[in-house]
Amino acid sequence: MELIETCLLDSSLMPFLQAAGYSNYLLEGRERLTIELYDSEKLRHQNSSGFLLFVKPMSQNAFRKALMDSKVNAISLDDTNVRLVRREILNLLRIHRKPLEILLNSSSSLTISNSIGWGRKWIDTMFFSSCATTISEIWSPLVKMNYLVVHGATEVEALSWVFHSPRRFILLAHSNTS
Amino acid sequence: MLIQTLLDLVFFAWLLTLSVLILRRRAVKAPSPRLLTSKTKRYIVFRVLSQGQVSQRDLDVALKGAIEQFMGSMWVALSSPRVVFFDQELREGIISTNRQGYKVVIASMHRLKRIGNQEVLVLPTKTTGSLKRAKRMIGLR
């Protein structure tokens with residue numbers, strides 16, 4: 001089965017990803033493009049052709065705009081913007097079936113355990129990314145799974161978020177662009 | 001009179017047999033004491049990716065530090081992790097822990113970023129219940 005790491009910041013880490021068990025990856029700047037969105041107007045002028053567009057919203061308004069924009073492939077979440085997630089945002093996430101990416105290296109245990117709760121009830125496609133710049137920042141799939149289980153996810157949920165969701169996200173993204 | 005008593009006795013014996021059979025079928029089997037204590041050993045086979053050499057002792061200290069940093073000293077005691085074997089050539093090894101704590105040990109591996117002054121990546125590959133099988137997995141014996 002193809003196992004995908006949804007975020008890699010340095011292509012020289014590819015051999016280490018393969019050793020960890022991944023068969024594919026999304027490299028920042030080549031397959032994916034992440035923008036930090038403070039001003040929702042910036043999204044209108046953003047050219048993302050050829051990339052999967054990941055938006056990290058930094059304000060409530062930007063969050064709402066990113067959720068409703070069809071150009072945006074996924075929303076990135078970590079400790080810096082997790083406070084923006086409210087019930088209204090979760091409703092929008094569910095209505096627009098927007099995939100949610102959790103950045104593991106910059107998320108605390110509170111963010112992880114909150115996201116597990118959201119993933120159960122509100123979010124259709126959720127996945128966890130390493131976004132590694134160095135070898136030690138890579139998360140092996142088994143470590144990801146056990147990390148989620150320790151934070152309260154069931155093994156079935158962890159398996160789905162680590163193994164199946166990245167593939168489902170890529171299929172969904174490609175079906176939207178074609 | 002005698003026939004009546006005999007019939008009563010037969011009827012009583014029949015009812016007793018039925019009751020015993022029904023109660024035996026409904027009885028919930030208690031789990032084995034081995035599972036209740038959760039002290040069953042688990043062995044985690046792992047690989048280390050690093051630039052330089054890593055020693056078994058440094059790895060053991062770093063692993064315990066990583067678990068303590070992530071889950072606290074209580075889980076270091078509960079999971080009682082120990083690097084029982086490490087091959088410096090193959091860079092593969094075995095961690096001994098228990099059923100209660102093996103998930104915590106694996107989850108804590110993301111905190112194990114440095115050993116000494118070099119960056120490392122510790123990759124768990126398999127978990128098994130016997131040391132013999134764990135050794136076989138890394139090609140020993």
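Only this structure's heavy atoms are used, side chains among them; waters, hydrogens and symmetry mates stay out. So that the names make sense, note that chain A is the first sequence line, chain B the second, and so on, each numbered from 1.
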ask   = Between B/His110 and A/Tyr147, how do the two ring planes meet: parallel, tilted or perpendicular, split at 30° and 60°?
value =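 Perpendicular, since the angle between the ring planes exceeds 60°.
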query = Which bit of A/Val143 comes within less than 4.5 Å of chain B, counting heavy atoms only: side chain, backbone, both or neither?
reply =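 For A/Val143, heavy atoms of backbone and side chain both lie under 4.5 Å from chain B.
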inquiry  = Need one label for A/Ser109: side chain, backbone, both or neither, based on atoms under 4.5 Å from any heavy atom in chain B.
reply    =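 The side chain, not the backbone.
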Report which part of [X] has an atom under 4.5 Å of a heavy atom belonging to chain A: side chain, backbone, both, or neither.
X	result
B/Arg114	neither
B/Val120	backbone
B/Thr127	neither
B/Tyr102	neither

ask   = Got A/Leu77 and A/Ser115 here, is their nearest side-chain heavy-atom distance under 4.5 Å?
value =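 When only atoms from C-beta onward are counted, A/Ser115 and A/Leu77 do not touch, as no gap falls below 4.5 Å.
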request  = Answer whether the closest heavy-atom distance between the side chains of A/Cys7 and A/Leu26 falls below 4.5 Å.
outcome  =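 In short, these two side chains do not touch, never coming nearer than 4.5 Å.
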ask   = Would you say the side chains of A/Thr34 and A/Glu28 form a donor-acceptor pair under 3.5 Å?
value =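 On atom types as modelled, these side chains qualify, holding a pair under 3.5 Å.
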inquiry  = For a quick check under 3.5 Å, do A/Ser129 and A/Glu101 share a side-chain donor-acceptor pair by atom type?
reply    =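 The criterion, which ignores hydrogens and geometry beyond distance, is satisfied for A/Glu101 and A/Ser129.
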